[in-house]
Amino acid sequence: MAGMKRSNSFKGYSLLIICFMHCVAVRSQLTTDFYSKTCPSLLSIVRRQVQSAVKTEMRMAASLLRLHFHDCFVNGCDASVLLDGDNTTEKFALANLNSARGFEVVDAIKSAVENACSGVVSCADILAIAARDSVVLSGGPTWRVLLGRRDGLISNATLANDALPSPFEALDAIIQKYVNVGLNITDVVSLSGGHTIGLAKCATFSNRLFNFSGTGAPDTTLEASMLSDLQSFCPVNGDGNKTTVLDRNSTDLFDNHYFQNLLNGKGLLGSDQILYSSDLAISTTKSLVESYSSNSQLFFNDFANSMIKMGNISPLTGSNGQIRTNCRAVNS
Ligand code: HEM
Ligand SMILES: *[C@@H]1O[C@H](CO)[C@@H](O)[C@H](O)[C@H]1NC(C)=O
Ligand SMILES: *[C@@H]1O[C@H](CO)[C@@H](O)[C@H](O)[C@H]1NC(C)=O
Ligand SMILES: *[C@@H]1O[C@H](CO)[C@@H](O)[C@H](O)[C@H]1NC(C)=O
Ligand SMILES: *[C@@H]1O[C@H](CO)[C@@H](O)[C@H](O)[C@H]1NC(C)=O
Ligand SMILES: *[C@@H]1O[C@H](CO)[C@@H](O)[C@H](O)[C@H]1NC(C)=O
Ligand SMILES: *[C@@H]1O[C@H](CO)[C@@H](O)[C@H](O)[C@H]1NC(C)=O
């Protein structure tokens, strides 16, 4: 432990010197080779675990990607979303309760990592690597994951309720939530493309199906045949927990069909379709949706860049936070 601390503060010290020589602005302390000495097999261990989980259940790729997003938007990427506890923890926030999943897979990855290199790899970094591997295994772009995050000590449902966007929100409010964590409109659109994989419950879009915003009619931006499918799948007073696919063209494939769907009025969530169909979209997100729908390479490049930016939200580094032994609990 003492050795760990010394090498960490030494690293901080060398960074400081490098920064005195080269830095204009403050630079992120995360690096791609953070564990190259302390856990050289880390990336292959995580990849193997994610591969095995996705082989068992393809949806797990989507669930792991979402966990990293829900981690990073709340208190930075510090694995706060993984902490168990009472109903004041993030797992009980609206966006997570009965919805966030993949915790057992994260436990399995952590345990495989601990077996190879005990006490050095954070749960926050595991989430970042697992999210990248999930995208790659789904056919999406790859990127080099920045590492060196440490795990946080708190998990607060109120903070999560404030920070995480809701599918019922207007575009200005959604953009504001990204801006609050240092992201911009390009990130809003590219990261929303994460909805090219995975599932959503009736309860997250049924507001659009019968009486949208008190109009007495469905959301007019939802394409007619998809509307009638969804109306039968999610009837009034039906089971709000039933799930359907976010991208009807290619559920398990990470591709740009999500954006093509938006051009056709086939976004599932209200928060998806407004990126193309709302008034505010015209001056903000619509043109990027169009670009991504016709240029898959542009989407892949921007998505990878935005994932790196999202992974850089307020990381704990150096001697802040801790390396959790169990991702579900702060060390005793
Ligand atoms: C405006 C921002 C966003 C909103 C309102 C939103 C909302 C939602 C909702 C309501 C669901 C369905 C959850 C359920 O029914 O249990 C969902 C699923 C999902 N979200 Fe988002 N999301 C947003 C942004 C993102 C971002 C930035 C990513 C990742 C880059 C992402 C990745 C996913 C994935 C992969 C799923 C499927 C999860 C699974 O199948 O387990 N979302 N999202
Ligand atoms: C959380 O748990 C406490 C104590 O068990 C309870 O009094 C409170 O109503 C719960 N709050 C919510 C939002 O469920
Ligand atoms: C959670 O954060 C809110 C908002 O900052 C704060 O008022 C509240 O006291 C925190 N709750 C806990 C349990 O720390
Ligand atoms: C968002 O930020 C990225 C750099 O992180 C930049 O390339 C892009 O142009 C920005 N987008 C907008 C709309 O400002
Ligand atoms: C739609 O919702 C509004 C507001 O909640 C309500 O006043 C109205 O009666 C509803 N209309 C129908 C047709 O159910
Ligand atoms: C979904 O299932 C959970 C857990 O079984 C339950 O508490 C909740 O009320 C259900 N939600 C909806 C929208 O039906
Ligand atoms: C998506 O599915 C629809 C209907 O099944 C089809 O008409 C359309 O060509 C598909 N688009 C893509 C990009 O696969």
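Start at 1 and go down the list; that is how both ligands and their atoms are numbered.
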Participant: Quick one, Asp71 and Leu82 - any side-chain contact, counting heavy atoms below 4.5 Å?
Facilitator: no

Participant: Would you say atom 5 (O) of ligand 2 touches the protein, meaning some protein heavy atom is under 4.0 Å from it?
Facilitator: no

Participant: At what distance is the nearest protein heavy atom to atom 3 (C) of ligand 1, and which residue and atom is it?
Facilitator: Pro165 CG, 3.9 Å

Participant: Using a 4.0 Å heavy-atom threshold (strictly under), name the region of Met310 that reaches ligand 1: side chain, backbone, both or neither.
Facilitator: neither

Participant: Under 3.5 Å, N or O to N or O, is Asp187 touching ligand 4 that way?
Facilitator: no

Participant: Sort out for me which residue in Arg66, Glu90, His70 forms a side chain to side chain donor-acceptor pair (under 3.5 Å) with Asn96.
Facilitator: His70

Participant: Which atoms of ligand 4 sit under 4.0 Å from any heavy atom of Lys309?
Facilitator: 1 (C), 2 (O), 3 (C), 4 (C), 5 (O)

Participant: Given that the side chain starts at C-beta and the backbone is N, CA, C, O, which of these parts of Ala95 lies under 4.0 Å from ligand 1, counting heavy atoms, or is it both or neither?
Facilitator: neither

Participant: Less than 3.5 Å between some nitrogen or oxygen of Asn98 and one of ligand 1, yes or no?
Facilitator: no

Participant: Less than 4.5 Å apart, any side-chain heavy atom of Arg208 and any of Leu230?
Facilitator: no

Participant: Can you confirm, on distance only, whether ligand 1 has an N/O atom lying under 3.5 Å from any N/O atom belonging to Ser271?
Facilitator: no

Participant: Does the Lys NZ or Arg CZ of Lys177 fall within the cation-pi geometry relative to Phe73 - under 6.0 Å from the ring centre and within 45° of the axis?
Facilitator: no

Participant: For atom 15 (O) of ligand 1, what is the closest protein heavy atom, and at what distance to 0.1 Å?
Facilitator: Lys201 N, 2.7 Å

Participant: Can you tell which part of Leu269 has a heavy atom less than 4.0 Å from ligand 1: side chain, backbone, both or neither?
Facilitator: side chain

Participant: For atom 41 (O) of ligand 1, find the nearest protein heavy atom and state the residue, atom name and distance (0.1 Å precision).
Facilitator: Ser63 OG, 2.7 Å

Participant: Starting from atom 30 (C) of ligand 1, locate the nearest protein heavy atom and write down its residue, its atom name and how far away it is, to 0.1 Å.
Facilitator: Leu191 O, 3.4 Å

Participant: Find out whether Val145 and Leu43 are in side-chain contact, i.e. whether some heavy atom of one side chain is under 4.5 Å from a heavy atom of the other.
Facilitator: no

Participant: Please answer whether the main-chain N or O of Leu275 pairs with a side-chain N or O of Thr285 as donor and acceptor at a distance below 3.5 Å.
Facilitator: yes

Participant: Is atom 11 (N) of ligand 2 touching the protein, meaning some protein heavy atom lies under 4.0 Å away?
Facilitator: yes

Participant: Counting heavy atoms only, name the option from Glu169, Met60, Arg66 that's nearest to atom 36 (C) of ligand 1.
Facilitator: Arg66

Participant: Flag yes if more than 12 heavy atoms outside Asp279 fall under 6.0 Å of its CG atom; otherwise flag no.
Facilitator: no

Participant: Is the shortest N/O to N/O distance between Ser192 and ligand 1 below 3.5 Å?
Facilitator: no

Participant: Quick one: do Leu30 and Val120 end up in the same hydrophobic cluster if we chain Ile, Leu, Val, Met, Phe, Trp and Tyr together by side-chain heavy atoms under 4.5 Å apart?
Facilitator: yes

Participant: Which ligand 1 atoms are under 4.0 Å away from a heavy-atom of Thr204?
Facilitator: 10 (C), 15 (O)

Participant: Does the N or O separation between Arg101 and ligand 1 drop below 3.5 Å for any pair?
Facilitator: no

Participant: Please identify which atoms of ligand 1 are closer than 4.0 Å to at least one heavy atom of Gly194.
Facilitator: 35 (C)

Participant: Taking C-beta and beyond as the side chain, do Tyr178 and Asn184 meet within less than 4.5 Å on heavy atoms?
Facilitator: no

Participant: Looking only at protein heavy atoms, which one is nearest to atom 14 (O) of ligand 2, and how far off is it?
Facilitator: Asn87 ND2, 3.1 Å

Participant: I'd like the name of whichever of Asn184, Leu183, Thr284 reaches closest to atom 3 (C) of ligand 4 through any heavy atom.
Facilitator: Asn184

Participant: For atom 40 (O) of ligand 1, find the nearest protein heavy atom and state the residue, atom name and distance (0.1 Å precision).
Facilitator: Arg59 NE, 2.7 Å

Participant: How about Met310 and Leu191: do any of their side-chain heavy atoms sit closer than 4.5 Å?
Facilitator: yes

Participant: To which of His195, Met58, Glu57, Met307 does the heavy atom nearest atom 21 (Fe) of ligand 1 belong?
Facilitator: His195

Participant: Using a 3.5 Å distance criterion without hydrogens, assess whether the side chain of Asn156 forms a donor-acceptor pair with backbone atoms of Leu159.
Facilitator: yes

Participant: How about Ser134 and His68: do any of their side-chain heavy atoms sit closer than 4.5 Å?
Facilitator: no

Participant: Using a 4.0 Å heavy-atom cut-off, which part of Tyr178 comes near ligand 1: side chain, backbone, both, or neither?
Facilitator: side chain

Participant: Mark yes or no for whether Gln49, through its side chain, and Ala112, through its backbone, hold a donor-acceptor pair below 3.5 Å.
Facilitator: no

Participant: Judged by atom type as modelled, is there a donor-acceptor pair below 3.5 Å linking the side chain of Arg132 to the main-chain atoms of Met307?
Facilitator: no

Participant: Measuring from non-hydrogen atoms of Phe205 to any atom of ligand 1, is the shortest distance under 4.0 Å?
Facilitator: no

Participant: Counting only heavy atoms, which portion of Ala200 has something under 4.0 Å from ligand 1: side chain, backbone, both, or neither?
Facilitator: both

Participant: Which atoms of ligand 4 are found less than 4.0 Å from any heavy atom of Thr186?
Facilitator: 1 (C), 8 (C), 10 (C), 11 (N), 12 (C), 13 (C)

Participant: Can an N or O of Leu199 be found at a distance shorter than 3.5 Å from an N or O of ligand 1?
Facilitator: yes

Participant: Could you identify the single nearest non-hydrogen protein atom to atom 35 (C) of ligand 1 and state the distance to 0.1 Å?
Facilitator: Ala62 O, 3.1 Å

Participant: Judged by non-hydrogen atoms, does Leu246 sit under 4.0 Å from ligand 1?
Facilitator: yes

Participant: Which residue and atom name correspond to the protein heavy atom nearest atom 28 (C) of ligand 1, and how close is it?
Facilitator: Phe69 CD2, 3.7 Å

Participant: Compare all side-chain heavy atoms of Arg328 with those of Lys91 and state whether any distance is below 4.5 angstrom.
Facilitator: yes

Participant: With atoms numbered from 1 as shown, which atoms in ligand 1 lie under 4.0 angstrom from a non-hydrogen atom of Gly198?
Facilitator: 37 (C), 40 (O)

Participant: If you have a sec, work out which protein heavy atom is nearest atom 14 (C) of ligand 1 and how many Å separate them, to one decimal?
Facilitator: Ser99 OG, 3.3 Å

Participant: Hey, can you tell me if Phe254 and Phe299 have their rings parallel, tilted or perpendicular (30° and 60° cut-offs)?
Facilitator: parallel

Participant: Would you say Thr221 and Ser277 are linked by a side-chain donor-acceptor pair, where the criterion is simply a distance under 3.5 Å?
Facilitator: no

Participant: Just by distance, no angles: are the side chains of Asn75 and Ser80 close enough, under 3.5 Å, to form a donor-acceptor pair?
Facilitator: no

